[in-house]
Amino acid sequence: MNFTLRQITYFLAVARLGNFGRAAETVHVSQPGLSSQIAQLEARLGGTLFERGAGAGPVRLTALGERLLPVAQELIDTAKRLDALARAGRSPLSGRLRLAIIPTVAPYLIPHLVPALRANHPTLDLEMHEIATDDVISGVLSHRFDVGIMALPVSEPGIEAEAVLRDAFLVALPGGDTSFLSGSAHPESIEADRLLLLADGHCLRDQALEVCGMRSPRRKLNLEASSMATLMRMVASGMGMTLIPRLALADENRDGRLRIVPFTEPAPSRDLAVVWRRNAEAETDARTLAEAVRGLAPVLGIEPIARPAPGLPPKEPARRRVSAGRS
């Protein structure tokens, strides 16, 4: 064989995105590495596959690239069908599983999930990626990932989801803050000019704004954090207040430097789910993973969401659910 499936995969990524840099990020390789593999494929085919302009515009397929495109896609589809046949002959969560998790869940779930999977599924070859919600969805749809863990809702066609955990929101304040002396907080009582948020693009930012009934609050301090850890340090130092999911509480307030106030009932929350591509062979793995994540609820200190009986919707508790936005 004069080419490899890796080279074909890289070719399809560049053809789809029209950009070598973004294609390299998508397939998790350096741009020089991707370009080298494309160059080797071109040498074996005896011609160039992309018109490489001097500017920053998108690269375009050459005539040879156009002819290769459907053949390359058919090759990858065939390879995936072969992989599906291999999956069908093995037990759930054995062999390779590519898992994508959003950043506001990964640091708090992974330390508990990995040991549980190792103990109960010793033949599992787990590959994990911490990425934003949009990338989880696109990656699952494009076969980059087998399953994902993210916040609901997900409305994209072709994606199935099984809710596993209900994660309540709490108010995080500086340790000496005297707000909410009565012991609980109403979402409407959050002060817009004190509200600190994650940077634009994180789903937790959108969720916090939705809980508080805000769109783009005017704040005295226009400072946004790129991670939950940074956000909580900003709050602890007296810069303002924020919302924290209960899932993150044990890690982000382990030294007790924050004052944590619950919301009045029904408390706002987000639902976390395992997602996978509709009709994919990974469904058995995904549902087995969902049960494993659901079983961690007591350790994580949050509420499990029972798997509904076939044909029945999940039971809804008396809680204000918050949509995911984008992470």
### Message
Can you tell me which residue among V136, T133, V147 is in a side chain to side chain contact (heavy atoms under 4.5 Å, CB included) with V275?
### Response
V136
## Note on the structure
From the list N19, L34, L61, side chain to side chain contact (heavy atoms under 4.5 Å, CB included) with V14 holds only for L34
If you measure from [atom1] on [X] to [atom2] on [Y], what distance do you get to the nearest 0.5 Å?
X: I149; Y: L165; atom1: CD1; atom2: CG; result: 8.5 Å
X: E156; Y: I137; atom1: CD; atom2: CD1; result: 3.5 Å
X: S35; Y: F50; atom1: OG; atom2: CZ; result: 10.0 Å
X: R277; Y: L141; atom1: CZ; atom2: CG; result: 8.0 Å
X: M239; Y: L231; atom1: CE; atom2: CG; result: 11.0 Å
X: Y10; Y: L49; atom1: OH; atom2: CG; result: 15.5 Å

#### Entry: Non-neighbouring partners of E162 that pass side-chain contact (heavy atoms from CB on, under 4.5 Å), sequence neighbours left out
W276, R287, A290, R294, R307
#### Entry: Any side-chain heavy-atom pair of S94 and L124 under 4.5 Å
no
### Query
With a 4.5 Å heavy-atom cut-off, do L198 and T104 have their side chains touching?
yes
### Task
Look at D271 together with R166 and state whether they make a salt bridge at an N to O cut-off of under 4.0 Å.
yes
#### Entry: Ionic contact status for R98 with D125, cut-off 4.0 Å
no
Return yes when atom [atom1] of [X] has more than 12 non-hydrogen atoms of other residues, nucleotides or ligands closer than 6.0 Å, and no otherwise.
X: R44; atom1: CZ; answer: yes
X: N279; atom1: CG; answer: no
X: R118; atom1: CZ; answer: no
X: H112; atom1: NE2; answer: yes
X: R278; atom1: CZ; answer: yes
X: R144; atom1: CZ; answer: yes
X: E66; atom1: CD; answer: yes

### Query
Does one hydrophobic cluster hold both V27 and L17, with members joined at side-chain heavy-atom distances below 4.5 Å?
no
### Query
Is there a path from V114 to V299 through hydrophobic residues (I, L, V, M, F, W, Y) whose side chains come within less than 4.5 Å of each other?
no
### Query
Are F263 and H186 near enough that their ring centres are under 6.0 Å apart?
no
### Residue pair L99, L113: steps toward the side-chain contact (heavy atoms from CB on, under 4.5 Å) verdict
CA-CA 12 Å; L99 171 62; L113 179 62; 4.2 Å; yes
Which heavy-atom pair separates [X] from [Y] by the least distance, and what is that distance?
X: L258; Y: N253; result: N-OD1, 2.9 Å
X: T284; Y: P92; result: CG2-CG, 3.5 Å
X: L152; Y: A163; result: CD1-CB, 3.9 Å

### Message
Is there a side-chain contact (heavy atoms from CB on, under 4.5 Å) between T26 and R16? Walk through the geometry before answering.
### Response
CA-CA 11 Å; T26 299; R16 183 175 71 252; 3.6 Å; yes
### Query
Going through the checks in order, is the side-chain contact (heavy atoms from CB on, under 4.5 Å) test met by L97 and L117?
CA-CA 12 Å; L97 184 74; L117 292 176; over 6 Å; no
### Query
Would E51 and V59 count as a side-chain contact (heavy atoms from CB on, under 4.5 Å) if you check the C-alpha gap in whole Å, the side-chain angles of each, and the deciding distance to 0.1 Å?
CA-CA 6 Å; E51 297 176 358; V59 297; over 6 Å; no
### Task
Show your working on salt bridge (charged side-chain N to carboxylate O under 4.0 Å, His left out) between D167 and R246 and close with a plain yes or no.
CA-CA 6 Å; D167 192 13; R246 187 174 292 277; over 6 Å; no
